[in-house]
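Structure record follows, encoded as structure tokens.
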2 protein chains.
Amino acid sequence: MIMKLKFAKRMSYIKASEIREILKVTEREDVISFAGGLPAPELFPIDEINKMNQVVLQEAGAKALQYTTTEGYYPLREWIAKRMNERLGTSFDKDNILITHGSQQGLDLSGKVFLDDGDIVLCESPTYLAAISAFKSYGSGFIEIPTDEEGMDMATLEEVLNNTQNIKLIYVIPTFQNPTGKTWSLERRKKLAELSALYDIPVIEDNPYGELRFEGESLPSIKSFDKVGNILCTGSFSKIFCPGFRIGWIAGDKDIIRKYVLVKQGTDLQCNTIAQMTIAEYLKRYDIDEHISKIVEVYRKRRDIALECIERYFPNDIKYTHPQGGLFTWIELPENISAHDILQKCIEQKIAFVPGSSFYPVEHKENTFRINYSNMPEDRIMKGLQVIGEVLKEYIHQLK
Amino acid sequence: MIMKLKFAKRMSYIKASEIREILKVTEREDVISFAGGLPAPELFPIDEINKMNQVVLQEAGAKALQYTTTEGYYPLREWIAKRMNERLGTSFDKDNILITHGSQQGLDLSGKVFLDDGDIVLCESPTYLAAISAFKSYGSGFIEIPTDEEGMDMATLEEVLNNTQNIKLIYVIPTFQNPTGKTWSLERRKKLAELSALYDIPVIEDNPYGELRFEGESLPSIKSFDKVGNILCTGSFSKIFCPGFRIGWIAGDKDIIRKYVLVKQGTDLQCNTIAQMTIAEYLKRYDIDEHISKIVEVYRKRRDIALECIERYFPNDIKYTHPQGGLFTWIELPENISAHDILQKCIEQKIAFVPGSSFYPVEHKENTFRINYSNMPEDRIMKGLQVIGEVLKEYIHQLK
């Protein structure tokens with residue numbers, strides 16, 4: 001009967017997110033999962049959240065449970081502006097900030113604000129798979145720009161900008177990229193800001209992992225080199241506080257943010273009031289840098305162990321990245337090997353990861369996969385990567 | 001500089017919601033506001049929420065703060081299915097339910113699932129203004145169908161269905177409608193379900209107020225007469241629990257809900273985890289019917305006082321509705337009077353309401369306005385309506 005209904009055209013190309021389907025498998029406790037981008041739950045500040053919830057309900061009472069403005073709770077927006085100015089070289093105040101339902105909503109709203117059917121989004125190759133879904137749902141196509149160890153290839157980018165109609169957005173994750181873990185150099189950051197201004201194309205600088213640096217020096221944001229107001233930045237409390245609250249933000253030029261606010265009004269009115277107030281209260285009463293340094297310490301160790309295990313257990317002819325922070329490392333297999341085949345064999349042994357093909361909007365490379373090292377304790381990381389290594393070796397052996 | 005950027009076409013017709021702009025004025029404590037659809041904050045179960053927050057954090061711990069499934073927390077979805085079956089004559093289980101970021105998100109997702117540029121949405125005249133924004137952002141046009149005391153005019157609806165291309169959705173609020181407070185008769189409900197099946201056009205049955213009945217008998221939902229699976233229902237905890245949590249739902253045929261889930265994945269991944277668990281825990285440990293009956297008692301009194309005051313203080317030649325439940329009554333002024341003029345004079349005296357023109361997607365009737373009676377205590381309702389009455393009388397007097 002349903003088949004008689006006419007759905008929007010976009011429904012023909014919106015597919016289930018492979019990650020979220022794999023995550024369903026990994027809900028079973030006995031599965032070792034490198035699949036999601038899940039932060040380590042044992043690091044969530046549960047007691048502090050419990051206390052701050054109570055403080056907010058005692059002090060603000062019903063206001064914490066009532067409707068509030070679309071823009072978001074202003075002390076939280078003030079904190080975010082100050083933080084970004086200190087850490088990312090921006091010059092924002094609260095009116096540059098819109099609180100969003102996770103940074104994912106910042107991407108969806110960006111699609112709504114900028115994209116018409118048939119427009120083109122430029123992105124890194126590979127890129128964050130749920131950004132692909134978000135933009136695709138507004139009918140956009142993609143052009144993947146190759147990346148190396150310093151970030152997006154600027155010569156290719158400029159060539160594409162010169163030769164392509166309907167480019168409406170450039171989407172990048174310059175720090176501890178998802179899925180590769182790579183970080184852009186200072187030069188590339190500057191260059192992208194220049195090209196964005198030259199070609200009048202807005203940039204979405206997605207930055208959910210930037211606070212989680214294990215080593216090396218912090219770099220200014222691409223936004224800090226923006227002279228014309230073209231660059232928008234997303235951020236999130238999911239990785240430095242907890243993801244269950246669904247509180248992130250998008251920041252940019254006030255006139256553009258005003259457009260995002262209008263669009264959010266019709267989308268969902270506003271974000272969760274008490275979640276915003278609880279985070280703001282936490283930031284007032286606790287030292288989030290101390291908390292972040294705990295997270296960084298744990299994740300650094302997990303990254304170290306993950307890279308050691310990959311080095312030790314994986315066959316010699318694979319490549320992997322060395323992330324300076326964030327949650328992911330990226331594996332490239334020899335070209336004739338499909339990560340989907342490997343995943344299938346690993347899942348039989350209760351190990352999960354995400355095959356890389358989902359991270360390419362156009363040219364699906366089957367011989368890649370992503371390893372998340374933040375969510376599992378060290379012994380399970382070792383165990384899991386050893387199994388993947390054995391599966392890989394056996395698979396390659398059988399091919400020969 | 002910004003003007004050089006190209007925004008999506010939709011940005012040329014997305015306007016600021018008049019309500020949310022007026023709400024900013026009404027944030028001042030000294031303003032008597034009939035403007036928002038705000039529930040009475042003194043009725044929020046603050047202590048219970050505080051306790052349930054703690055119980056959830058103690059019992060579920062980090063799980064309450066971690067990512068979860070897009071579909072939503074399954075005990076909450078089970079409760080919603082059971083509730084709808086008991087109260088609205090549906091036959092749902094948890095897989096018919098998707099948790100949304102307020103019922104507003106159910107409308108936005110409906111736009112994303114069904115609407116292409118140039119499609120037509122049929123709605124009541126007048127209708128909920130943020131539904132207009134939600135659907136408009138997907139490029140839809142509207143045809144308003146006249147309503148009387150029994151609901152939408154079915155003869156006109158059928159004529160329009162017969163004579164119009166590209167109709168993709170019918171959007172209705174059949175119980176305690178926003179903005180009019182009207183409730184559809186049983187006959188009209190049945191007839192709409194029939195027409196929906198006959199013409200293969202899905203219906204969004206928006207029902208955020210249905211639990212708040214002051215008098216008269218509960219009616220089955222339009223969905224209960226759906227034989228083909230075309231009808232989707234939204235619901236919300238905003239009016240029976242608290243709006244700050246932003247937890248609502250959309251319910252319908254499993255194959256259609258599966259499409260909504262896909263779309264929500266790319267939009268914002270999932271709703272707030274702890275908010276869903278806190279509500280589910282509350283529903284397990286407390287009697288929500290007892291809580292709702294308290295709300296109903298207070299709102300019934302406020303409606304009675306509001307209608308009495310309108311009768312007493314307003315000029316004779318205005319019309320107003322007699323809602324059997326919900327939050328709103330609807331005022332029709334003589335045709336030569338603009339509610340915007342009246343609002344301006346009232347705001348000088350620190351009284352606010354929403355002029356009716358925003359509730360018409362096509363034919364803006366300037367001589368109407370909406371009164372919300374749920375948010376103010378009785379003495380302020382009396383004071384405020386007396387002032388509006390005086391302003392109206394003086395305005396009419398000067399016209400003569």
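Just the heavy atoms: all of them, side chains too, but no hydrogens, waters or symmetry mates, feed the values below. Just so it is clear: chains get the letters A, B, ... in the order the sequence lines come, proteins before strands, and each one is counted from 1.
In this structure, chain B has no heavy atom under 4.5 Å from any part of A:N166. When heavy atoms are compared at a cutoff of 4.5 Å, A:A134 approaches chain B by way of both its backbone and its side chain. Both the backbone and the side chain of A:K112 come within contact range of chain B, each with at least one heavy atom under 4.5 Å from a heavy atom of that chain. Residue contact with chain B, scored on non-hydrogen atoms closer than 4.5 Å, is absent for A:F135. Of the two parts of B:K168, only the side chain, counted from C-beta on, holds a non-hydrogen atom closer than 4.5 Å to a non-hydrogen atom of chain A. Heavy-atom distances place no part of A:Q276 under 4.5 Å from chain B, backbone and side chain included. When heavy atoms are compared at a cutoff of 4.5 Å, B:Y128 approaches chain A solely by way of its side chain, counted from C-beta outward. For B:S238, the part sitting under 4.5 Å from any heavy atom of chain A is the side chain, from C-beta outward, and nothing else. For A:L115, the part lying under 4.5 angstrom from a heavy atom of chain B is the backbone only.
Test B:D108, B:D117, B:D116 against B:Y138 for side-chain hydrogen bond (donor to acceptor under 3.5 Å, both in side chains) and you get one pass: B:D108. For the side-chain contact (heavy atoms from CB on, under 4.5 Å) with A:F241, the lone residue among A:L43, A:I295, A:I49 that qualifies is A:I49.
Highest contact tally toward chain B, considering only A:K136, A:Q54, A:K9, A:Q66, is held by A:Q66 [criterion: heavy-atom pairs under 4.5 Å]. Highest contact tally toward chain A, considering only B:A197, B:C271, B:A131, is held by B:C271 [criterion: heavy-atom pairs under 4.5 Å]. Contact count against chain A (heavy-atom pairs under 4.5 Å) is highest for B:P243 among B:G266, B:C242, B:P243, B:A62. Contact count versus chain A (heavy atoms, under 4.5 Å) is highest, among B:R258, B:H101, B:Q104, B:Q58, for B:H101. Here A:P39 is the residue among A:G248, A:G102, A:P39 with the most heavy-atom pairs under 4.5 Å with chain B. Counting heavy-atom pairs under 4.5 Å between each of A:G111, A:G139, A:G106, A:P202 and chain B puts A:P202 at the top. When B:P41, B:G244, B:S103, B:A64 are compared by the number of non-hydrogen pairs under 4.5 Å with chain A, B:G244 comes out ahead.
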Could you walk me through whether A:I14 and A:S133 pass side-chain contact (heavy atoms from CB on, under 4.5 Å), step by step?
CA-CA 7 Å; A:I14 292 181; A:S133 325; 6.0 Å; no
Decide yes or no on ring-ring contact (aromatic ring centres under 6.0 Å, His included) for A:F237 and A:F245, but give the supporting numbers first.
CA-CA 8 Å; A:F237 288 102; A:F245 271 22; 9.5 Å; no
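The environment of B:E42 atom CD is dense: over 12 non-hydrogen atoms of other residues, nucleotides or ligands sit within 6.0 angstrom.
A side-chain donor from one of B:N53 and B:T278 sits under 3.5 Å from a side-chain acceptor of the other.
One finds a salt bridge joining A:E29 and B:K63 here, because a Lys/Arg side-chain nitrogen approaches an Asp/Glu carboxylate oxygen to under 4.0 Å. Between A:D47 and A:K51 there is no salt bridge, since no side-chain N of the basic residue sits under 4.0 Å from a carboxylate O of the acidic one.
By the 30° and 60° cut-offs, the orientation of the rings of B:F114 relative to B:Y260 is perpendicular.
For the residue pair B:T267 and B:Q105, the shortest heavy atom distance occurs at CG2-NE2, 4.0 Å.
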